[in-house]
Protein chains: 4
Amino acid sequence: MRKKDDEKERSIKEAVIKLILEEGFHGASISKIAKMAGVSPATVYIYYENKENMLQNIYNEYSEDIFDYLLSCVDLKMDGQQLIEILIRSYYNYIIQNKEIFSFVEQFSNCPSLVNSCSGKKGVCHIYSLIEDMKKKQIIKNYRYDNLLAIIFYPVKAIAVDNHKSEAERADLLKEMIIIIQDAVLIQ
Amino acid sequence: MRKKDDEKERSIKEAVIKLILEEGFHGASISKIAKMAGVSPATVYIYYENKENMLQNIYNEYSEDIFDYLLSCVDLKMDGQQLIEILIRSYYNYIIQNKEIFSFVEQFSNCPSLVNSCSGKKGVCHIYSLIEDMKKKQIIKNYRYDNLLAIIFYPVKAIAVDNHKSEAERADLLKEMIIIIQDAVLIQ
Amino acid sequence: MRKKDDEKERSIKEAVIKLILEEGFHGASISKIAKMAGVSPATVYIYYENKENMLQNIYNEYSEDIFDYLLSCVDLKMDGQQLIEILIRSYYNYIIQNKEIFSFVEQFSNCPSLVNSCSGKKGVCHIYSLIEDMKKKQIIKNYRYDNLLAIIFYPVKAIAVDNHKSEAERADLLKEMIIIIQDAVLIQ
Amino acid sequence: MRKKDDEKERSIKEAVIKLILEEGFHGASISKIAKMAGVSPATVYIYYENKENMLQNIYNEYSEDIFDYLLSCVDLKMDGQQLIEILIRSYYNYIIQNKEIFSFVEQFSNCPSLVNSCSGKKGVCHIYSLIEDMKKKQIIKNYRYDNLLAIIFYPVKAIAVDNHKSEAERADLLKEMIIIIQDAVLIQ
DNA sequence: CATGAATGAGGCTTCATTCAT
DNA sequence: CATGAATGAAGCCTCATTCAT
């Protein structure tokens, strides 16, 4: 009896997100994935029940990743200004450094037919207590949690995914955006 | 007999965006599209050179739609507060009332392989002069255009696409969001 | 618009029953069928919704064939002896001369998973009135219809499908079998 | 430890014939068989060289079963009437009580590609001496052996496999059929 | 212009079988 | 002996596109 090969599962996953970045969601066929992962098409079905299941599995694994990363970057001893800056910069950096994963998660999220049939734990909850805590400490204004999340992260996304701009331009935009957001959500 | 042609093209377009909302990007095959549009698969190729071309065509047609709509909603005689509110509400309403189109445009935009090979005129330019005008009039703070656009529209999108919430909840969030954005971008 | 080609449908059907005789029910893959019929695999799906449907369709077409043939061979002016002989010989000849069709129908009938999901009009009804008529005329003994059918046709089948015997041997057996059946079912 | 092996082989065999009844000949894949038998697919290849071999093996084991059973039911002290009745009723009962085995053997027999490449000892020989003996004793008419076999058993099969009828109806048919056959083959 | 027929290529998945433990 | 992992080949079917009317 051979053991399940973690290496193989990993290379399959990597092939999926890489292919989906390069060729879009529909260009990632099982045979291409298998070829890129260096396994037989049949092997994919040892690790995943079928293609849809595979995508949802990978989505569930990575969709929370970014928030775990954010939490690992912040420190409760930071003051409000620092904290917002770190959150935003970390979010931005994650997108830049994990293009493939981010693109995969975004494409998946935007596809109603996929995301609706997905078990879908909203992984955002980890960051909930952080935000609520800062509201109680009167560091962040008392806006609704969902709105705070939207304000802090969505505009940054717009900068990060804009490939028409140079890195320098985007760094400038980001700098200004941090100030805008700090002004918007911090008390004083 | 011209009218009939236009109708066919329209019904094809509608079939495309409807199918892509319902079954995702890869569920929209030419034969399904043709069936839903009530035409033969061969007919599709009278109006479009091939499938990719067709999608890009439709994308180009609809990707600017939202900004045209926004401009049609605002009035230069409005004050700053009003204007921001109208922009945001209009944007929100467009998404709600044009789910299919919005979903199509979003999915297309997020697919690198499609959007990169697209002629891609940045349709956002229409709104550029409006924003710049308000900056000159010292109504809106002197932030970079891209950031202003991101701040005003991206967070709203988060509210509009969140299907886990009731209409009432989303209306509440929107109300608050308008205030947040007004505070962030208006002078005083 | 091209018209549906009757030739093509016929060659597909023939390929199916020929292949199933040669290679058994499971050796008849769509691609082999298509190759033998001289069409593309995709073409098969223009004429049949799917494989199961195709097989059922062909079964329904041929399962009654033999009884139509039998009826075309008999004549109401025949006496009882003649009639039984003709029925048996015709049945035998049909099997010999339509090996492929007969084998297909038999294999299909014996496969519960196929035959149960089949619309399945019992085509035997055509011969019903013939038998009942002869019972009324006191030519054939007053046995139940189903039993008469079984007695007249089933033993003959055993002779016809026995490939271990020479043609001459089978002719001898058939001759004797006719007498046995005549004795069994005719009055006097 | 021997017992365990035999059990595995038995459970594989049972899985094969059960699956073939339920899902037809082509629905019985090695992996399904293994799953149903509670063993690994690889284990099947310890007991059988390959799939075709396995099927032929099982066929050879069961194809004679019914005749062994028949012989175990009859007694040479019975008179002709009794003997025919017992033979027929036993044959009928075997089919009813061993649906799976019978269906497997029938499907296999009707598949030329399988049965032709089969070592194929005609298992019917056991019953040969019984029939010939009764012919010598002038109990059964002096018809050819093959025809007697066909007359006695084939029509019964028609009743046994007809699932459109109730058990009661079939019992009635069987009762009459016994009389028909007795009349046909017994002297006086 | 419009069509349904036709197709080779490729989609996902399962197959029978072998490998390595 | 027994296993689950692994695989190339092949299964069915649908795809985007073209053909012929």
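Just so you know, these numbers come straight off a predicted model, no measurement behind them. To find a chain, count down the sequence lines: A is the first, B the second, and so on, and within it residues start at 1. No hydrogens, no waters, no symmetry mates; every other heavy atom, side chains included, goes into these values.
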* Structure fact -> Between CD1 of D:Ile12 and P of E:dA16 the distance, given in whole Å, is 14 Å

* Minimum-distance pair of heavy atoms, taken over all atoms of C:Asp5 and C:Tyr47 -> N-OH, 3.0 Å

* Asked: Backbone N or O of C:Glu100 within a donor-acceptor pair of the C:Ser103 side chain at under 3.5 Å?
  -> no

* Asked: Taking atom CD of D:Gln97 as the centre, does the number of heavy atoms from other residues, nucleotides or ligands within less than 6.0 Å exceed 12?
  -> yes

* Asked: Would you say the side chain of D:Asn98 lies within less than 4.5 Å of the side chain of D:Tyr62, judging by non-hydrogen atoms?
  -> no

* Atom pair distance, as rounded to whole Å: CG in D:Asp6 and C1' in F:dC1 -> 13 Å

* Structure fact -> In numerical order, the residues of residues 28-53 of chain C whose heavy atoms come under 4.0 Å of DNA chain F are C:Ser29, C:Ile30, C:Ser31, C:Ala42, C:Tyr45, C:Asn50, C:Lys51

* Structure fact -> When every non-hydrogen atom of A:Gln107 is compared with those of A:Ile20, the smallest separation belongs to NE2-O, 3.4 Å

* What integer distance in Å separates C:Leu19:CG from F:dC12:P? -> 11 Å

* Structure fact -> note: C:Glu7, atom CD; E:dA5, atom P; distance rounded to Å ~ 17 Å

* Asked: If only atom types and distance count, is the side chain of A:Lys32 paired as donor or acceptor with the main-chain N or O of A:Gly27 below 3.5 Å?
  -> yes

* **Separation of E:dT14 C1' from D:Glu23 CD (nearest whole Å)** => 13 Å

* To do: Starting from P on F:dA20, measure out to CG on C:Asp5 and report it in whole angstrom.
  => 13 Å

* Asked: Taking atom C1' of E:dC15 as reference, at what distance in whole Å does atom CE of D:Met54 sit?
  -> 13 Å

* How does DNA chain E read in dot-bracket, base by base from 5' to 3', with Watson-Crick or G-U pairs under 3.5 Å and | used when the partner is on another strand? -> .||||||||||||||||||||

* To do: Please state how far atom NZ in D:Lys8 lies from atom C1' in F:dC1, giving the value in whole angstrom units.
  => 8 Å

